[in-house]
Amino acid sequence: MLMQNTSSPTPAAAGYPDGLPGLVDAVQHKNPMHRKFMAGALAQMTVDETQRLEQYIAYCQQRGLTIDYLSDCYLTIVGDTLREQIYFQKHRQYRYSTFAEVGASVYFNDEYMSFYMYGLALTAFLWPNHLAMLRFFRDNLPKNSGGKYLEVGPGHGYYLMTAMEYAGYDSFTGIDISETSIAQTRALIQHFGGGRHAERFDLQCMDFLACTLPADSFDAVVMGEVLEHVEQPQLFLKQAARIARKDAYIYITSCLNAPAVDHIFLFRDTAQLEKLFDDCGLRIRQQLVCPYQGTTLQESMESLLAVNVAYVLEKK
Ligand SMILES: C[S@@+](CC[C@H](N)C(=O)[O-])C[C@H]1O[C@@H](n2cnc3c(N)ncnc32)[C@H](O)[C@@H]1O
């Protein structure tokens, strides 16, 4: 079902330089069609974001991951997404709709999940919509409020690490159903130190719906790119609303008409998602809607092209 980019390294691949220049070379060498996209993405990044991407790649290399491997991680997501887009344009549905169809091959498959999460972390910089959501997150994160921060589905860990660096919470908890995600998040935070909160994080490998968390207990609830991965997103939103304190910062991202190998819940428009927030006791404070690159929102919707959305919410 899942198609990895298994191209063996060519002699050129063996000679890729380290760091971002090597990654760019490798991606462009293996997928020349991606050259223009990559150049545009790099041009959009600030100096600080470029440095952070370089630091992330250097960290991966220190962990023994080669540029060849990292470029395969990234290109697997590119290739898998394209394949699913073709399927979606034909059938107007995602390929799968149950957790049972994707759980074993994605979240509980260490080899694939590692590959997927390193690749996804790279898209946080290299895909302009993902970068826009990361910026939106960082810019709106309360910087000086104390209390407890919870992140559901940290995956690669980059958002959790960013929160630890920028936000002023007293403790940070991450809950993810995948052991691979938990391990990747832990390693990332340990490496980058988590700023002044280095000792204040706790990671649990659990299904968020199975957690018995007390009501009104978190000052921040963050859930990035999780709702489209679950069968009943309303249960995740209700649980988020239940455990959030009255003035909690609630940050949620998702996507519309955005097929991926493990997207099982299809949101067709913002109205559907926003009604769900309302039904689950959440109110929108701020929103970011990112149409498919190079199109307007109307064009994306008319052509069923992927749209990314991010929301800052509050409990009603
Ligand atoms: C696509 S990744 C998102 C990573 C990151 N939050 C981001 O925005 O890039 C989705 C994550 O949600 C986790 N996940 C899926 N279902 C879950 C559940 N029921 N409970 C907790 N985590 C879950 C997956 O294991 C994965 O790490």
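Start at 1 and go down the list; that is how both ligands and their atoms are numbered.
Note on ring orientation: taking the six-membered ring where Trp is involved, the planes of Tyr311 and Phe277 are perpendicular (angle over 60°, cut-offs 30° and 60°). Taking the six-membered ring where the residue is Trp, Tyr94 and Phe88 present tilted rings, their angle falling between 30° and 60°. Using the six-membered ring where Trp is involved, Tyr74 and Trp127 have ring planes that are perpendicular, over 60° apart on the 30 and 60° scheme. The aromatic rings of Phe136 and Tyr251 are tilted relative to each other, their planes meeting at an angle between 30° and 60°. Below 30°, between 30° and 60°, or above 60°: for Tyr107 and Phe99 the angle between ring planes is below 30°, a parallel geometry. Ring geometry for Tyr59 versus Phe192: interplanar angle of 30 to 60°, hence tilted.
Counting protein heavy atoms only, atom 11 (C) of ligand 1 is closest to Gly153 O, 3.7 Å. Taking atom 8 (O) of ligand 1 as the reference point, the nearest protein heavy-atom neighbour is Gly224 O, 3.2 Å. In terms of protein heavy-atom proximity, atom 10 (C) of ligand 1 is closest to Glu225 O, 3.4 Å. Protein heavy atom at the shortest distance from atom 16 (N) of ligand 1 is Ile177 CG2, 3.8 Å. Ranking protein heavy atoms by distance to atom 24 (C) of ligand 1, first place goes to Asp176 OD1, 3.4 Å. The single protein non-hydrogen atom nearest to atom 20 (N) of ligand 1 is Phe208 N, 3.0 Å, given as residue, atom name and distance.
Remark: the Thr295 side chain and the Ser300 side chain contain an N/O donor-acceptor pair separated by less than 3.5 Å.
We find that Glu314 and Arg245 are not joined by a salt bridge, their nearest charged nitrogen and carboxylate oxygen being 4.0 Å or further apart. Taking the charged nitrogens against the carboxylate oxygens, Asp68 and Lys30 do have a contact shorter than 4.0 Å, which makes a salt bridge. Salt bridge Asp278/Lys275: absent, no basic N to carboxylate O contact under 4.0 Å.
In summary, the atoms of ligand 1 found under 4.0 Å from a heavy atom of His229, numbered by their order in the structure, are 1 (C). For ligand 1, the atoms lying closer than 4.0 Å to a non-hydrogen atom of Asp207 are 18 (C), 19 (N), 20 (N). Each of the following atoms of ligand 1 lies closer than 4.0 Å to a heavy atom of Val226: 12 (O). Residue Met113 has at least one heavy-atom neighbour below 4.0 Å for each of these atoms of ligand 1: 25 (O), 26 (C), 27 (O). Near Met206, the atoms of ligand 1 lying under 4.0 angstrom from a non-hydrogen atom of the residue are 20 (N), 21 (C). Of all atoms in ligand 1, listed by their number and element, those nearer than 4.0 Å to a heavy atom of Gly155 are 4 (C), 27 (O).
Heavy atoms of Tyr158 come nearer than 4.0 angstrom to ligand 1 in no pair at all. Using a 4.0 Å heavy-atom cutoff, Thr253 is absent from the residues neighbouring ligand 1.
Ligand 1 has an N or O atom lying under 3.5 Å from an N or O atom of His156, backbone or side chain.
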